[in-house]
Number of protein chains: 2
Amino acid sequence: MSRARILYVEDDEGLGFVTRDNLEINGFEVVHLDSGRVALQAIEAGELHYDLCLLDVMLPGVDGFTLARKIRERDQDIPILFLTAKSLEEDRLQGLRLGADDYITKPFSIEELLLRVEVFLRRNRVRPAALAFDPRHIGHYVFDAEQLQLTNRQANTARRLTRREAELLQLLSGRRETVLERAEILERIWGENDYFLGRSLDVFVSRLRKYLRADPRIKIENIHGVGFTLTVAE
Amino acid sequence: MSRARILYVEDDEGLGFVTRDNLEINGFEVVHLDSGRVALQAIEAGELHYDLCLLDVMLPGVDGFTLARKIRERDQDIPILFLTAKSLEEDRLQGLRLGADDYITKPFSIEELLLRVEVFLRRNRVRPAALAFDPRHIGHYVFDAEQLQLTNRQANTARRLTRREAELLQLLSGRRETVLERAEILERIWGENDYFLGRSLDVFVSRLRKYLRADPRIKIENIHGVGFTLTVAE
DNA sequence: TATCCCTGTTAACATCCCGTTTACGGAATG
DNA sequence: CATTCCGTAAACGGGATGTTAACAGGGATA
């Protein structure tokens with residue numbers, strides 16, 4: 001696997017620089033943005049993909065919570081860590097409800113930060129695509145990745161998916177409305193990327209389309225030469 | 001779906017009682033031990049399998065760190081949360097190095113505790129407050145795990161099971177409708193996992209199917225490459 | 001001690017399943 | 001209009017599973 005990419009949003013210039021530097025020394029690829037607004041744009045542009053988000057809560061303008069919410073809209077699986085000066089319980093709770101995965105209270109030591117980040121990425125790598133335990137709604141289907149089950153709520157029927165099918169649907173449905181590049185899908189699910197696996201991916205996409213055909217609002221669109229996007233029309 | 005099992009080590013009687021109570025109300029199965037020594041024995045006996053460990057750091061005799069180290073020797077993945085009165089960084093770091101996953105600083109609110117516990121269990125893919133099935137009624141059979149007896153209420157006949165058969169049936173029927181992975185079954189019943197034990201499991205599943213064949217609503221389904229699911233149709 | 005069950009494991013073989021690959025036609029691109 | 005990319009059905013092959021039977025060893029029994 002290539003180096004893990006971290007989105008780091010922090011307005012304190014000094015701290016931001018030091019932290020970024022330390023993360024990079026330890027082998028991470030860091031994109032450091034120094035304002036909530038810029039980060040919001042970057043997220044909404046939706047071009048880049050990260051393995052982990054590190055968000056300062058207190059940002060001028062757009063705060064960390066808002067960012068987290070936006071990130072979750074686009075990616076329901078990516079780990080989010082908050083950095084917060086306040087150790088106020090109310091803040092911690094709000095973050096956890098928003099789907100944050102952990103908190104680091106300022107001031108923190110670099111060593112602590114690294115330990116937490118590594119714990120996180122390690123856990124994420126061990127259990128690649130099977131994190132979601134909340135059944136996920138896709139049109140009038142309900143998809144339970146853990147149970148490898150796809151239920152048609154309308155017809156009240158269920159279908160068992162194979163592991164690969166579930167992994168792929170998990171990835172697609174966790175990032176709907178955004179373009180998932182072929183290379184990324186192949187890296188994440190197959191762990192490598194060659195011509196034949198690419199054809200395999202096409203076959204799986206075709207199968208998923210068939211399984212989801214009962215709801216015409218659901219589309220898995222191909223972007224020629226780039227990748228796929230799952231959308232659910234209103 | 002089984003309830004998540006939490007090992008909770010806490011010497012403060014009052015706090016321990018309240019916390020345990022709250023966890024149980026919220027659907028967790030809690031084993032509360034009130035001293036480090038007792039916990040150490042329990043861990044070294046290695047009989048029980050937990051989904052999460054909640055350890056007070058300050059314990060008379062054997063402290064939380066020592067426990068964590070022992071637990072990590074046996075299980076690399078199980079989430080460990082520390083409860084600590086001190087928010088000293090040195091303590092936090094030591095805990096993280098030992099493989100702790102998080103800290104909760106006393107005093108904590110029950111809501112915070114629950115949120116954190118749930119976040120961690122989610123990562124570990126255990127369903128927290130899921131309802132457990134009564135393992136004793138399976139279709140028109142009645143299963144007594146203690147007596148190793150399986151009674152067919154319709155035909156009014158009974159069959160004696162062997163211990164392994166009973167263990168497997170209890171696991172399957174207590175978690176019906178959910179995918180039980182081969183690895184987990186083998187870990188829980190055999191304590192280890194190799195090719196031959198896997199074949200052994202297949203043999204036992206086959207036997208159970210035969211014993212339960214009289215009720216066609218009962219199915220032990222295989223999910224190829226993943227595990228088994230016991231279902232009882234309406 | 002020899003013998004007999006009882007139980008869990010191993011062996012053997014048939015069958016099934018699923019990820020991959022092939023094949024071919026259509027679509028997109030420039 | 002040439003070339004590459006994609007959609008999908010079908011075939012393939014290797015590994016996973018189902019099932020029956022043989023086997024081994026331990027504890028009870030005589």
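Here is how names work: the chains are called A, B, and so on, in the same order as the sequence lines, proteins then strands, and each is numbered from 1. Keep in mind that this is a model prediction, so the values were computed, not measured. When reading the values below, keep in mind they use all heavy atoms of this one structure, side chains included, and skip hydrogens, waters and symmetry mates.
Sorted by first and then second residue, the salt bridge (Lys or Arg N to Asp or Glu O under 4.0 Å) pairs involving residues 138-158 of chain B (not counting sequence neighbours) form an empty list.
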Does S173(A) form a side-chain hydrogen bond (donor to acceptor under 3.5 Å, both in side chains) with R136(A)? I'd like the steps, not just the answer.
CA-CA 8 Å; S173(A) 69; R136(A) 191 167 279 179; 3.2 Å; yes

Worked verdict on Q154(A) versus Y141(A) for side-chain hydrogen bond (donor to acceptor under 3.5 Å, both in side chains)
CA-CA 8 Å; Q154(A) 208 123 81; Y141(A) 290 90; over 6 Å; no

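Within residues 207-227 of chain B, the residues that place at least one heavy atom under 4.0 Å from DNA chain D are, in residue-number order, R209(B), K210(B), N222(B), H224(B), G225(B).
Spacing between atom CG of L197(B) and atom P of dT9(C) amounts to 6 Å, rounded to whole angstrom units. In this entry the distance linking CG of L186(B) with P of dG8(C) reads 15 Å, nearest Å. In this structure, the CZ atom of F204(A) is 15 Å from the C1' atom of dA9(D), given to the nearest Å. Protein atom CZ of R164(A) is 15 Å distant from nucleotide atom C1' of dC17(C), rounded to whole Å. Whole-Å rounding puts the L161(B) CG to dC6(C) C1' distance at 14 Å. Regarding L148(A), its CG atom lies at a distance of 10 Å from the P atom of dG19(C), rounded to whole Å. For E165(B) and dT7(C), the CD to C1' distance is 9 Å, given to the nearest whole Å. Whole-Å rounding puts the D194(B) CG to dG8(C) C1' distance at 14 Å.
For dT9(C), one of the phosphate oxygens OP1 or OP2 lies less than 4.0 angstrom from a side-chain nitrogen or oxygen of W190(B). Side-chain N/O atoms of S206(A) include none lying less than 4.0 angstrom from OP1 or OP2 on dG7(D). Contact annotation: R182(A) side-chain N/O to dC6(D) OP1/OP2 distance is under 4.0 Å.
In this structure, R164(B) is not positioned above the aromatic face of F204(B) in the sense of NZ or CZ being under 6.0 Å from the six-membered ring centre and within 45° of the axis.
Note: H140(B) NE2 to L212(B) CG = 9.0 Å, rounded to the nearest 0.5 Å.
Residue contacts shown for V203(A) include a base, since a base heavy atom lies under 4.0 Å away. Heavy atoms of T162(B) sit under 4.0 angstrom from primed sugar atoms or phosphate atoms, though from no base atom. Here F228(B) lies in heavy-atom contact (under 4.0 Å) with sugar-phosphate atoms only.
Every salt bridge (charged side-chain N to carboxylate O under 4.0 Å, His left out) that D202(B) has, sequence neighbours left out, goes to R182(B), R199(B).
At a cut-off of 3.5 Å, with distance as the only test, a side-chain donor of H49(A) or E184(A) sits close to an acceptor on the other residue.
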